[in-house]
Colleague: 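My questions will all concern the structure given below.
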Amino acid sequence: MHDLKFIRDDPQAFDAALKRRGLAPLSTDVLARDAALRAVLVKLQNLQARRNEASRQIGQAKAKKDQAAASALIAEIAGLKDQIQQGEDEERRLQSQLNDFLATIPNLPAADVPDGADETANVEIRRWGEAPAFGFAAKEHFELGEALGQMDFAAAARMSGSRFVILKGQLARMERAIAQFMLDLHTEEFGYREISPPLLVRDATMFGTGQLPKFSNDQFFAGEREWRRKHLFETAEEVSAGTPVGVGDITDLLEKAEKTEQFWLIPTAEVPLTNLVREQILNPSELPLRFTAFTPCFRAEAGAAGKDTTGMMRMHQFAKVELVSITAPEQSAAEHERMTNCAQEVLKRLGLHHRVVVLCTGDIGFASTKTYDIEVWLPGQNRFREISSCSNCGEFQARRMNARFRAEQGKATRFVHTLNGSGLAVGRTLLAVIENYQQKDGSIAVPGPLRAYMRGLERISI
RNA sequence: GGAUGGGUGGCUGAGUGGUUGAAAGCACCGGUCUUGAAAACCGGCGGAGGUUCACGCCUCCCGGGGGUUCGAAUCCCUCCCCAUCCGCCA
């Protein structure tokens with residue numbers, strides 16, 4: 001959510017930043033709505049002031065038993081009532097329209113983000129390690145996993161459809177080991193606090209981090225609503241065959257069902273972790289706050305038809321260890337670098353060749369001011385693929401969540417800055433380990449750091 | 001699923017129609033006192049917005065929305081949220 005004052009003060013800067021994202025200028029539209037709202041406000045407030053004053057005088061007149069004066073004032077106010085009502089309606093309408101409009105405008109890119117239209121303009125800023133050299137043709141992870149009998153897409157499709165996978169035996173264990181390894185690293189060496197959060201959240205929570213209102217199609221939805229609606233229709237059919245009930249009764253039931261509890265499935269633990277500070281006023285001494293969580297993530301992958309259709313690159317459900325930092329504004333840029341290094345350290349310890357890329361203005365996410373992607377080398381695909389994305393959201397999410405801190409006692413509150421990053425995507429890390437540690441015979445060597453989490457197992461084989 | 005009780009400023013918590021934006025306490029800021037600190041005492045201290053060169057003035061905010069009224073934190077309707085008890089349950 002944007003600061004209206006900023007747009008008012010410097011509409012050119014606002015439009016210029018939007019343009020870097022490839023968007024048309026919006027300040028004229030925003031400011032026109034703002035001006036219309038304020039015009040109504042001034043008119044309304046004058047009417048309200050007069051009404052309030054007259055009401056006070058009525059109270060005084062009645063106290064003095066001056067009935068004539070009171071009646072005259074009441075008559076005057078009667079004429080204002082309609083105008084005030086109209087003004088209030090108009091204000092509400094304009095205000096909510098303005099808010100809705102602002103809620104769909106993405107964050108502005110930081111000054112040091114490279115310009116560009118799409119991912120081809122992203123800039124590699126560092127690279128670590130080397131691609132492994134095999135004396136044989138490298139296979140892709142799903143070929144290896146299926147041959148081992150430990151990765152089953154067919155069975156997953158039978159029960160859940162496409163974009164699901166079932167891991168079995170040692171691969172299932174390795175997924176768990178990877179998550180454990182990451183959590184221990186981030187909590188014990190980097191000072192992140194482990195959190196076990198809800199996976200189902202409310203609308204307001206999803207709005208806070210920016211998934212709503214614009215990206216509801218990318219999300220999964222859970223609730224009693226659909227089930228209950230169906231159930232009620234069936235009940236209605238049964239009832240209509242037998243004992244009659246009033247049509248209104250069914251309507252009432254359906255209306256009630258519409259309002260039953262409903263939740264969104266989190267697309268990333270960024271949502272609950274960042275919302276830990278929603279509606280809070282933090283003490284500056286507790287900043288920065290650093291949270292990590294290992295959770296499943298759920299994504300509809302709408303609009304990804306045809307992309308990464310084979311293998312476990314792009315699933316409806318995947319595991320991820322997430323990192324979130326809450327900082328004072330002055331700290332966020334440095335924290336962003338630190339967070340990216342924390343994520344990168346996982347790959348270093350696992351000995352996985354990778355590079356860090358800064359996303360261009362056309363490729364950064366809705367809430368982000370600046371994003372680093374970490375891309376891991378996949379020998380089977382012979383290319384780098386994203387395994388982590390670390391973003392500094394500035395105060396964009398904090399405004400939506402109303403997350404503040406009091407910089408100095410007795411002074412006004414300020415919005416915190418929020419950052420999030422994958423530390424890392426567990427499914428893709430597993431995939432990367434499989435491809436990078438594959439052996440000629442189709443077995444998988446277990447990287448050193450993971451062995452402790454797998455009871456010393458050194459190799460995964462049939 | 002059933003039954004109650006609640007949602008008031010940074011926190012606790014009064015307040016059932018007329019200078020109540022809101023008592024009191026805590027916290028915080030300034031001052032007095034003190035060698036210093038603490039204690040005590042005195043004073044200050046919510047947010048959002050509009051308007052003004054400025055001092056200031058005005059409006060809105062007691063979970064959200066709507067309504068009654070000249071006037072609502074206070075009455076009515078509705079929605080949301082929280083807590084407790086019972087039932088069910090990993």
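Labels below follow one simple rule: chain letters A, B, ... track the order of the sequence lines, proteins then strands, and each chain is numbered from 1. These numbers were taken from a predicted model, which means no experiment stands behind them. Both backbone and side-chain heavy atoms feed into the values below; hydrogens, waters and symmetry mates do not.
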Colleague: Expressed in angstrom and rounded to an integer, what is the separation of A:Arg50 atom CZ from B:rC57 atom C1'?
Modeller: 16 Å

Colleague: With rounding to the closest Å, how many angstrom separate the P atoms on B:rG46 and B:rC85?
Modeller: 39 Å

Colleague: Both distances below 3.5 Å, Watson-Crick or wobble geometry, any strand: find the nucleotide opposite B:rG1.
Modeller: B:rC86

Colleague: What does B:rA37 pair with, Watson-Crick or G-U, if both distances are under 3.5 Å?
Modeller: none

Colleague: Taking for each residue the nucleotide of RNA chain B with the nearest heavy atom, is it A:Arg404 or A:Ile74 whose nucleotide lies nearer the 5' end?
Modeller: A:Arg404

Colleague: Separation of A:Asn402 atom CG from B:rG64 atom P, in whole Å?
Modeller: 13 Å

Colleague: Starting at CG of A:Asn52 and ending at P of B:rC58, how long is that distance when rounded to a whole Å?
Modeller: 10 Å

Colleague: Can you measure A:Glu279 atom CD to B:rG46 atom P for me and round it to whole angstrom units?
Modeller: 22 Å

Colleague: Regarding A:Arg349 and A:Glu345, does a basic nitrogen lie under 4.0 Å from an acidic carboxylate oxygen?
Modeller: yes

Colleague: Whole Å only: how far is the CD1 atom of A:Ile84 from the C1' atom of B:rG67?
Modeller: 16 Å

Colleague: Between B:rG50 and B:rG31, how far apart are the two C1' atoms, rounded to whole Å?
Modeller: 35 Å

Colleague: Say we look at B:rG49 and B:rA40: how far apart would their C1' atoms be, to the nearest angstrom?
Modeller: 41 Å

Colleague: What is the nucleic acid contact for A:Gln280, judged by heavy atoms within less than 4.0 Å: base, sugar-phosphate only, or nothing?
Modeller: nothing

Colleague: Do NZ/NE/NH1/NH2 and the carboxylate oxygens of A:Arg38 and A:Asp34 come within less than 4.0 Å?
Modeller: yes

Colleague: Counting the atoms with a prime plus P, OP1 and OP2 as sugar-phosphate, which does A:Ala49 contact under 4.0 Å by heavy atoms, base, sugar-phosphate, or nothing?
Modeller: sugar-phosphate

Colleague: Provide the distance between the two P atoms, one in B:rC55 and one in B:rC60, to the nearest whole Å.
Modeller: 22 Å

Colleague: Starting at the 5' end of RNA chain B, which residue's closest nucleotide do you reach first, A:Asp34 or A:Ala54?
Modeller: A:Asp34

Colleague: How far does the C1' atom of B:rA90 sit from the matching atom of B:rC75, given to the nearest Å?
Modeller: 46 Å

Colleague: Which nucleotide wins on minimum distance to the side chain of A:Val42, given the candidates B:rU51, B:rG71, B:rG67?
Modeller: B:rU51

Colleague: Going from NE2 on A:His316 to CD on A:Glu301, what distance comes out if it is rounded to the nearest 0.5 angstrom?
Modeller: 7.5 Å

Colleague: Using only atom types and a distance under 3.5 Å, with no angle test, would you say the side chain of A:Thr104 pairs donor to acceptor with the backbone of A:Phe101?
Modeller: yes

Colleague: By the 4.0 Å heavy-atom rule, please label A:Leu73 as base, sugar-phosphate, or nothing.
Modeller: nothing

Colleague: Taking only side-chain N and O atoms of A:Arg202, does any of them lie within less than 4.0 angstrom of OP1 or OP2 on B:rC82?
Modeller: yes

Colleague: Can you tell me how far C1' of B:rC58 sits from CZ of A:Arg38, to the nearest Å?
Modeller: 16 Å

Colleague: Mind checking whether A:Phe221 and A:Trp264 have ring centres under 6.0 Å apart?
Modeller: yes

Colleague: Determine which nucleotide pairs with B:rA73, using a 3.5 Å limit on both distances of a Watson-Crick or G-U wobble pair.
Modeller: none

Colleague: Establish, with yes or no, whether the OP1 or OP2 oxygen of B:rC60 is under 4.0 angstrom from a side-chain nitrogen or oxygen of A:Arg92.
Modeller: no

Colleague: Does a side-chain N or O of A:Gln95 approach OP1 or OP2 of B:rG49 to a distance below 4.0 Å, or not?
Modeller: no

Colleague: Minimum heavy-atom separation for A:Arg173 and A:Arg455, please, with both atom names.
Modeller: NH2-CG, 3.4 Å

Colleague: What's the CD-C1' distance between A:Glu88 and B:rU59, to the nearest Å?
Modeller: 11 Å

Colleague: Provide the distance between the two P atoms, one in B:rU74 and one in B:rC86, to the nearest whole Å.
Modeller: 34 Å

Colleague: Measuring from the side chain of A:Gln48 (C-beta onward, heavy atoms only), which nucleotide among B:rG49, B:rC70, B:rU59 has the closest atom?
Modeller: B:rU59

Colleague: Taking the P atom of each, how far is B:rC77 from B:rA24, in whole Å?
Modeller: 33 Å

Colleague: With a non-hydrogen cut-off below 4.0 angstrom, is A:Arg8 in contact with a base, only sugar-phosphate, or nothing?
Modeller: sugar-phosphate

Colleague: Taking B:rU8 as the reference, what is the distance to B:rG18 when you measure between their P atoms (whole Å, please)?
Modeller: 22 Å

Colleague: How about A:Phe396 and A:His2: are their ring centroids closer than 6.0 Å?
Modeller: yes

Colleague: Partner of B:rG30 by Watson-Crick or G-U wobble geometry, both contacts under 3.5 Å, or none?
Modeller: B:rC42

Colleague: Measure from CG on A:Leu94 to C1' on B:rG50 and round the result to the nearest Å.
Modeller: 15 Å

